[in-house]
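Reviewing the structure listed below.
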There are 2 protein chains.
Amino acid sequence: MENKEITIYDIAKALNISPSTVSRGLSNHPAINTKTKNKILKTAHDMGYQTNKFASNLRKKTTNTIGVIIPRLDSLFMSSVIAGIEKVANNAGYNLIISQSLESEKKEKNNALTMYNSRVDGLIVSLSNGTRDYSHFKKFIDKGIPLLFFDRIAEELPSTKVVIDNFRAGYTATQHLIEQGCKKIFHITNDMHRNVYRDRFEGYKKALIDYSIAFKEELFVINDMTESAIVNYIEDEIVKKQNVPDGIFLTSDSSAAVAITTLRHHGFSIPQDIAVVGFNNDIISKVTEPPITTINYPGVEMGETVARILLNHFTGNGNLNLTNTVVLNTDLIVRKSSLKS
Amino acid sequence: MENKEITIYDIAKALNISPSTVSRGLSNHPAINTKTKNKILKTAHDMGYQTNKFASNLRKKTTNTIGVIIPRLDSLFMSSVIAGIEKVANNAGYNLIISQSLESEKKEKNNALTMYNSRVDGLIVSLSNGTRDYSHFKKFIDKGIPLLFFDRIAEELPSTKVVIDNFRAGYTATQHLIEQGCKKIFHITNDMHRNVYRDRFEGYKKALIDYSIAFKEELFVINDMTESAIVNYIEDEIVKKQNVPDGIFLTSDSSAAVAITTLRHHGFSIPQDIAVVGFNNDIISKVTEPPITTINYPGVEMGETVARILLNHFTGNGNLNLTNTVVLNTDLIVRKSSLKS
DNA sequence: AAATAAATTGCAACCGATTGCAATATCAAA
DNA sequence: TTTGATATTGCAATCGGTTGCAATTTATTT
């Protein structure tokens with residue numbers, strides 16, 4: 001019969017020893033004699049034994065599952081982060097439950113509840129743009145379930161965070177535009193509720209100041225960065241009002257791509273009239289005409305890092321409370337969209 | 001104490017009834033008196049009861065978990081499919097374990113093993129391009145674990161499949177190019193091991209024949225559709241050898257985007273010299289210059305469909321063996337990359 | 001009111017692994 | 001050879017929900 005599952009009781013019977021010994025042998029308990037252990041391991045393998053995780057979880061009160069909540073899956077960045085987390089987690093015998101908030105606070109709260117009910121051992125989150133309050137994470141904190149953030153973090157919460165230096169990236173991007181001779185640089189970004197956008201904005205502002213370019217509120221544009229929002233802004237503000245910049249720094253490649261497409265459609269040449277810098281080094285940045293100068297984001301590394309911190313916490317190596325924030329490096333990738341010279 | 005978990009025993013004690021009754025009341029057993037049931041439900045809610053899934057799984061031998069193995073996450077199509085599956089599955093109280101094969105057979109086999117060991121109740125798969133044999137799915141079939149495929153399917157296996165009509169989509173795309181006046185249409189695609197590419201190719205061929213255009217092997221190009229493979233092909237075969245088509249049908253938008261970028265770089269105008277059609281309606285198709293004519297893929301619908309079939313099987317409505325293949329509709333989305341007139 | 005049928009509820013075993021503590025085996029020292 | 005120390009192994013309870021079957025209630029019929 002293929003049907004019957006093999007249990008430690010079967011192994012015990014086969015070897016004429018007790019199930020406790022089998023259990024301990026299987027989990028490498030130090031009190032077990034090496035010979036006995038090897039016999040157990042061999043028999044288990046021969047009989048095709050698989051641990052029943054539910055019995056084990058029930059008893060140990062742990063699930064070997066890590067929850068991941070992210071805004072969306074459909075970017076190279078996110079899928080790289082997931083690949084990084086998955087690699088580290090699977091090697092350690094953990095499974096992932098992944099869900100998308102689709103930038104909605106409500107869905108994020110829902111997802112968090114599902115994760116809680118599934119009793120994940122740890123939760124890794126990148127916040128949705130819509131999220132304003134963090135009450136849905138309280139349960140986790142109260143119950144001592146490790147909660148870590150990456151990229152879009154909750155600064156108010158006392159959790160471990162893995163981020164890039166958004167300030168510096170914003171500074172570098174802006175500085176690059178200035179060095180290309182831009183004097184009137186627009187910054188199109190999302191609202192300031194998320195650290196990533198706020199810090200990039202601060203970097204942008206600081207670069208302007210350092211190079212003695214006055215920062216004016218009207219240079220700085222906030223919207224939700226959807227395709228239509230970008231198109232509308234460009235057509236209404238730049239084209240119609242003839243309020244034309246010589247450089248634009250946008251905080252995503254897809255919005256930069258939309259911007260370039262729209263601007264060219266209205267007769268502007270990129271980068272001669274307007275230089276453009278995006279963010280993320282997503283695939284899209286390579287295939288627009290011209291290709292987009294952007295900031296490279298270390299996705300896989302970010303995923304591996306956040307997963308490793310969590311796992312170290314589980315195994316008792318490393319303390320979540322000690323590693324509060326990890327900052328990863330980024331690079332500016334220069335392509336034609338910004339090269340005036 | 002926030003600490004202590006509430007169990008059915010606590011509820012039983014509070015109401016002075018037996019745990020069995022509580023269990024049955026909670027799971028809507030018909031034998032339980034409605035009044036009793038309501039009391040149980042109310043008390044459970046008031047006390048903040050949460051089912052312990054491990055105890056339940058242990059006893060019921062089901063995990064309420066569905067495994068999903070896909071090639072990659074980073075496309076709009078895949079993230080839509082996942083969103084669709086997730087929506088249906090979560091509503092029914094199921095969790096998802098998602099993993100990426102990254103187009104590698106080895107990783108896919110590995111992922112399948114992990115899913116098996118995690119005892120998923122069902123497995124949903126879209127095959128990697130590298131997959132040649134299907135032995136890693138045997139375990140599931142032998143053990144009666146439902147196995148469903150979507151998009152990139154294993155035709156040899158007797159599983160339920162959800163696909164689009166790739167033949168027709170290929171036909172439509174090609175027909176569109178022909179109607180634009182193209183006479184020499186290249187087809188750049190992946191190798192024929194996956195149904196999606198094979199069927200699109202057959203559609204392409206049929207359209208040529210129907211419109212009395214001779215199909216020649218040299219029109220038809222196979223490679224792995226990576227960025228470099230596309231660039232190399234175009235530079236070596238089209239540009240250097242001056243073997244220039246007047247239309248190209250590629251089976252992904254990202255490769256179409258790369259093709260357009262490369263061709264323009266070499267002085268061709270799109271669509272005047274060469275009309276281009278892609279596949280997938282990924283975001284990238286909208287931001288290239290010119291934007292790409294493509295086939296729209298019903299991602300969310302595909303995900304919902306495959307998940308719903310699986311869930312119906314679990315609940316006993318609908319029989320997996322009866323629904324063998326579901327075919328969803330696609331549309332041709334015409335954009336500038338193909339409009340010669 | 002007694003007898004029979006139908007509706008509810010409870011008992012107790014079970015799912016399979018884990019673990020504190022007691023029991024036994026092994027080995028070295030006296 | 002006896003004793004005490006140490007290394008191994010086993011016993012039995014436990015985690016929390018589920019379910020076949022028996023027991024008890026309640027409703028219906030005569």
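Residue numbers start from 1 in every chain, and the chains themselves are labelled A, B, ... in the order their sequence lines are given, proteins ahead of strands.
For B/Y9 and D/dC15, the OH to C1' distance is 9 Å, given to the nearest whole Å. The distance from atom CD1 of B/I6 to atom P of D/dC15 is 14 Å, rounded to the nearest whole Å. One interatomic measurement links the two molecules: CG of A/N52 to C1' of D/dG16, which rounds to 14 Å at whole-angstrom precision. Rounded to an integer number of Å, the gap from B/L58 CG to C/dC14 P is 14 Å. In this structure, the CZ atom of B/R59 is 13 Å from the P atom of C/dA13, given to the nearest Å. Straight-line distance from the CG atom of A/N57 to the P atom of C/dT19: 12 Å, rounded to whole Å. For B/R119 and C/dA17, the CZ to C1' distance is 11 Å, given to the nearest whole Å. Here the C1' atom of nucleotide C/dA17 and the NZ atom of B/K61 are 13 Å apart, to the nearest Å.
Here the side chain of B/K161 pairs a donor or acceptor atom with the backbone of B/L157 at under 3.5 angstrom. Of the possible polar contacts, one joining the B/R194 side chain to the B/T131 backbone as a donor-acceptor pair under 3.5 Å is found. Put simply, the side chain of B/Q100 never gets that close to the backbone of B/P71: no donor and acceptor are under 3.5 Å apart.
Aromatic ring centres of A/F137 and A/F149 lie closer together than 6.0 Å.
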Restricting both atoms to N or O, compile the protein contacts to nucleotides 8-12 of chain C shorter than 3.5 Å, with distance only.
{"unit_1": "C/dT9", "atom_1": "OP1", "unit_2": "B/T36", "atom_2": "OG1", "d": "2.7"}
{"unit_1": "C/dT9", "atom_1": "OP2", "unit_2": "B/N33", "atom_2": "N", "d": "3.0"}
{"unit_1": "C/dT9", "atom_1": "OP2", "unit_2": "B/T36", "atom_2": "OG1", "d": "3.4"}
{"unit_1": "C/dG10", "atom_1": "OP2", "unit_2": "B/S18", "atom_2": "N", "d": "2.9"}
{"unit_1": "C/dG10", "atom_1": "OP2", "unit_2": "B/S18", "atom_2": "OG", "d": "3.2"}
{"unit_1": "C/dG10", "atom_1": "OP2", "unit_2": "B/T21", "atom_2": "OG1", "d": "2.6"}
{"unit_1": "C/dG10", "atom_1": "N7", "unit_2": "B/R24", "atom_2": "NH2", "d": "3.2"}
{"unit_1": "C/dG10", "atom_1": "O6", "unit_2": "B/R24", "atom_2": "NH2", "d": "2.6"}
{"unit_1": "C/dC11", "atom_1": "N4", "unit_2": "B/S20", "atom_2": "OG", "d": "2.9"}
{"unit_1": "C/dA12", "atom_1": "N6", "unit_2": "B/S20", "atom_2": "OG", "d": "3.4"}

Original post:
Should A/R119 and A/N57 be marked as a side chain to side chain donor-acceptor pair (under 3.5 Å) after you check the CA-CA gap, both sets of side-chain angles, and the distance that decides it?
Top reply: CA-CA 10 Å; A/R119 311 204 184 193; A/N57 290 343; over 6 Å; no
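Between B/S23 and D/dT18 there is a side-chain polar atom (N or O) within less than 4.0 angstrom of OP1 or OP2.
Annotation: ring pair (Phe, Tyr, Trp, His ring centres under 6.0 Å) contacts involving residues 72-113 of chain B, sequence neighbours excluded, comprise B/F77-B/Y297, B/Y94-B/F314.
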